[in-house]
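A quick note: this is a predicted structure, and the numbers were derived from the prediction, not measured.
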Amino acid sequence: MAGCRGSLCCCCRWCCCCGERETRTPEELTILGETQEEEDEILPRKDYESLDYDRCINDPYLEVLETMDNKKGRRYEAVKWMMVFAIGVCTGLVGLFVDFFARLFTQLKFGVVQASVEECSQKGCLALSLLELMGFNLTFVFFASLLVLIEPVAAGSGIPEIKCYLNGVKVPGIVRLRTLLCKVFGVLFSVAGGLFVGKEGPMIHSGSVVGAGLPQFQSISLRKIQFNFPYFRSDRDKRDFVSAGAAAGVAAAFGAPIGGTLFSLEEGSSFWNQGLTWKVLFCSMSATFTLNFFRSGIQFGSWGSFQLPGLLNFGEFKCSDSDKKCHLWTAMDLGFFVVMGVTGGLLGATFNCLNKRLAKYRMRNVHPKPKLVRVLESLLVSLVTTVVVFVASMVLGECRQVSSAGQVGNDSFQLQVTSEDVNSTIKTFFCPNETYNDMATLFFNPQESAILQLFHQDGTFSPITLALFFILYFVLACWTYGISVPSGLFVPSLLCGAAFGRLVANVLKRYIGLGHIYSGTFALIGAAAFLGGVVRMTISLTVILVESTNEITYGLPIMITLMVAKWTGDFFNKGIYDIHVGLRGVPLLEWETEVEMDKLRASDVMEPNLTYVYPHTRIQSLVSILRTTVHHAFPVVTENRGNEKEFMKGNQLISNNIKFKKSSILTRAGEQRRRSQSMKSYPSSELRNMCDEHMTSEDPGEKEDLLQQMLERRYTPYPNLYPDQSPSEDWTMEERFRPLTFHGLILRSQLVTLLVRGVCYSESQSSASQPRLSYAEMAEDYPRYPDIHDLDLTLLNPRMIVDVTPYMNPAPFTVSPNTHVSQVFNLFRTMGLRHLPVVNAVGEIVGVITRHNLTYEFLQARLRQHYQTL
């Protein structure tokens, strides 16, 4: 980035944290999607496709609209509300399952090991205790890693993949039932295995899978179980439910329904409206109160009390009524919070930098090897983590005085969960009576309990212990995130930041003499600063933390801290989720383009080499096109061969690229660019003059005949063209560059469905004899349509003709060749498009824009090419 200067930039270059280096050439556009070894950067891959968020208004869809009335519309809306409620309830139950068994396994492990440590501390057999802890952790991590081998998409937190899905990118396998099962069981084994991971991030992924699968009432993993549920058979509805599921996952994890709604909005949903906001909030509320109801009843036996709103409970920060001078924070503390935000941003940037290098190392040296190597890496991380935790707890801890029940908190704080709950989690390893081991209290507890200790114990952690704990936890958490186990990053970041905040509070109180400092507040701000420096979330994270603390007065300091941490971290690199999105090569679209990109037009970024179909095309031609290309949509066009020379005067149009040679790409692109420039918003003067000359040379009778022909052709817009061969490389330049009148778009999935169901007619018949498919029949195979290479089409006569006009989208969004890139980008992202045809003023298609033509890397390369041509 431009901000990397001086010595900081040297450090950034070493860590690969600076922005993209400006050394790529325009020729690299031809290999966009491949790794540049000399630059060690990964460009967006072209095998990712966008979701079909735009409705295809074809004849089957219009037939459905004709049968719709207000009663059916209200029924459809009611079903959608019921689905949203069911998604929230199921997500809450998934969170309950993960929390219950993770807590059960963790208590079992720590109970056995703690009893062994207390017994062996006198007998001198601590090695046996270490082996017991190691046996538990390695077993749990081994199971978690095996589940990832079954479904590799289940690794990590899943937030980068869900962010891509909400952005409109179709990530294979990300919302399958098998992914959900591997994620749920894998994360509880990862947490129980003692890895520095959290279960809150995977909850977001799990909620998204529930949102995607529940309204479908079918699964590829359970093919024999099918329901006749006719609703929500489109990517548009599916992505709305995924947004609701992701928000429900956040709400269940943190007890923050409003924060979950804002997370779904902030982290990628490109299409949003008021109705969707209300449904997502309702889904989040359903998830929160479902989890709260069952957790409160199970843990406290008081059903309906609603005492535990989320998986992660910060407790309640509240001043005692007896202390009139108590304040959670003062105006003077804001200066310290800003400094902590800067430090948190620097620490977060360092964390992301190191994790990115580790991820690249794994991509080059671990992932290409047999899958067993990934399991061994996970076991190695678990082994090292276990040894570090055990040795640090036994050797590096200090004995601290146990605070009485009436003094728990910052001399004034009281927990919502009673003081005994905090004191019950302390560990007394090698410490005399009335004292406990502060390092073991942090390491030999579930991470949620350690966070509560840092938030609500006062004066019980030495600065040396906090510093050592922060360093060890920072390094191990950075190493752990990215291995082949389901793992979240929220809780490790919060715990690491809370230790940093408590360290700052201890230093200010002991060595500077600021007696008004409240350690719990600084621990919370430190947690926010470090988490904000890692993930770079602002709006949603502020609300999540405020809702988790149940203290609105923390809103301002948390917001300031997160903003400063984000600005500081963005000076060096991106957030951790954006980094992993980039490492996967996903073409993610940001909220808006940079200002200088408006120097480009649609004609500069479009793909001019088109593969098209005719309104009436032979089966052999369609099969050839589908099997020799990988495009997911094809323009439906017609030609006017007889008049093209007279009207176009040599202007040429690229029309096909089934098998283009590299040597002719630049020539054809140049021809297409000249073509689009001459027909941007109006016919050229040469064309107007020629038309005028042609009109003046005709007599009135010929003019009337021509007018009558034009009126008749208004009602037959699709000539019955069915060439014997598909467009091929054997065509002459005149044939290849002929003008094409654009009539609509048809998807690959629609063409394959037509072929599978034998929708065609013979040459001796009219197109009216062709069988008609309903909307339900067209969407029956959604979301996994057959592959053209797996179909047996021998029973179809290749000379038969397919009329695609009833099934194409006759009115998709289009842009003019001279449209600025910012307008193209806003239209594409806001409407959630998959393909955007570029059509000139006379109705001829001159190119197509997809997601890959609007990525930051592609636009930067085009901009450099634009500067070189000036």
Side-chain angles (χ1 to χ4, degrees), residues 1-24 39-42 159-160 163 266-268 334-360 470 474-475 477-478 481 489-490 492-494 496-497 500-501 504 525-542 545 556-583 588-597 855-857 859-860 863:
M1 291 184 180
C4 293
R5 298 183 177 90
S7 59
L8 287 176
C9 191
C10 294
C11 176
C12 289
R13 291 194 188 99
W14 183 83
C15 291
C16 300
C17 291
C18 275
E20 308 294 341
R21 282 171 283 186
E22 303 295 329
T23 58
R24 222 179 301 154
E39 296 187 6
D40 197 29
E41 70 173 333
I42 299 174
I159 294 180
K163 180 176 180 178
E266 181 182 5
E267 286 301 305
L334 288 177
F336 297 116
F337 297 159
V338 171
V339 175
M340 292 176 66
V342 173
T343 308
L346 294 174
L347 293 173
T350 305
F351 184 96
N352 296 352
C353 197
L354 296 175
N355 189 263
K356 181 179 180 181
R357 292 180 63 84
L358 284 171
K360 286 187 175 182
F470 173 79
F474 181 95
V475 174
C478 183
Y481 188 73
L489 196 60
F490 273 94
S493 299
L494 287 172
C496 199
F500 159 68
V504 172
I525 297 301
F530 187 79
L531 181 59
V534 171
V535 301
R536 312 290 166 77
M537 293 161 50
T538 52
I539 305 173
S540 58
L541 189 56
T542 300
L545 294 177
L556 179 61
I558 289 176
M559 183 177 63
I560 292 177
T561 303
L562 288 175
M563 285 195 303
V564 173
K566 174 179 169 57
W567 292 339
T568 305
D570 287 343
F571 191 79
F572 299 101
N573 52 28
K574 295 181 179 180
I576 189 69
Y577 299 135
D578 291 325
I579 287 176
H580 281 266
V581 167
L583 291 176
L588 196 73
L589 299 184
E590 301 296 337
W591 283 100
E592 57 187 10
T593 60
E594 296 182 355
V595 177
E596 62 177 351
M597 295 301 175
T855 60
Y856 175 81
E857 292 79 7
L859 293 178
Q860 281 287 344
L863 190 62

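- Annotation: side chain of Thr350 is not in contact with side chain of Phe572 (no heavy-atom distance under 4.5 Å).
- Side chains of Glu596 and Leu863 form a contact here, defined as non-hydrogen atoms less than 4.5 Å apart.
- The neighbour count for Glu592 CD, taken as heavy atoms of other residues, nucleotides or ligands under 6.0 Å away, does not exceed 12.
- In this structure, Leu562 CG and Ser540 OG are separated by 9.0 Å, a value rounded to the nearest 0.5 Å.
- For the pair Tyr577/Arg536, no side-chain contact is recorded, criterion being any heavy-atom separation below 4.5 Å from C-beta on.
- For the pair Thr561 and Ala529, the tightest heavy-atom approach, listed with the atom from each and the gap, is CG2-CB, 3.5 Å.
- Ala565 approaches Gly533 most closely through the heavy-atom pair CB-N, 3.9 Å.
- Summarising the geometry of Pro557 relative to Ile525, their closest heavy-atom pair is CB-CD1, 3.9 Å, with the distance given to 0.1 Å.
- Counting only heavy atoms from C-beta outward, the side chains of Val475 and Leu354 never approach each other to under 4.5 Å.
- Contact check for Ile159 versus His580: no side-chain heavy atoms found under the 4.5 Å cut-off.
- Note: Arg357 CZ to Ile579 CD1 = 12.5 Å, rounded to the nearest 0.5 Å.
- Here the shortest heavy-atom pairing between Thr855 and Leu589 reads N-CD2, 4.2 Å.
- Closest approach of Val534 to Asn352, counting heavy atoms only: O-ND2, 3.1 Å.
- Taking 4.5 Å as the limit, some side-chain heavy atom of Leu541 sits within range of a side-chain heavy atom of Phe490.
- Ring geometry for Phe474 versus Phe530: interplanar angle over 60°, hence perpendicular rather than tilted (30 to 60°).
- Rounding to the nearest 0.5 Å places CG of Leu347 at 10.5 Å from CE of Met340.
- Using a distance-only test at 3.5 Å, with no hydrogens or angles considered, a donor-acceptor pair links the side chain of Asn355 to the main chain of Tyr481.
- Counting heavy atoms from C-beta outward, Gln860 and Met597 have side chains that approach closer than 4.5 Å.
- The distance from atom CG of Leu588 to atom NZ of Lys163, rounded to the nearest 0.5 Å, is 6.0 Å.
- In this structure, Phe351 CZ and Leu531 CG are separated by 10.5 Å, a value rounded to the nearest 0.5 Å.
- The minimum heavy-atom distance between Ala477 and Pro492, with the atom names listed, is CB-CB, 4.3 Å.
- By the 4.5 Å heavy-atom criterion applied to side chains, Leu583 and Lys360 are counted as neighbours.
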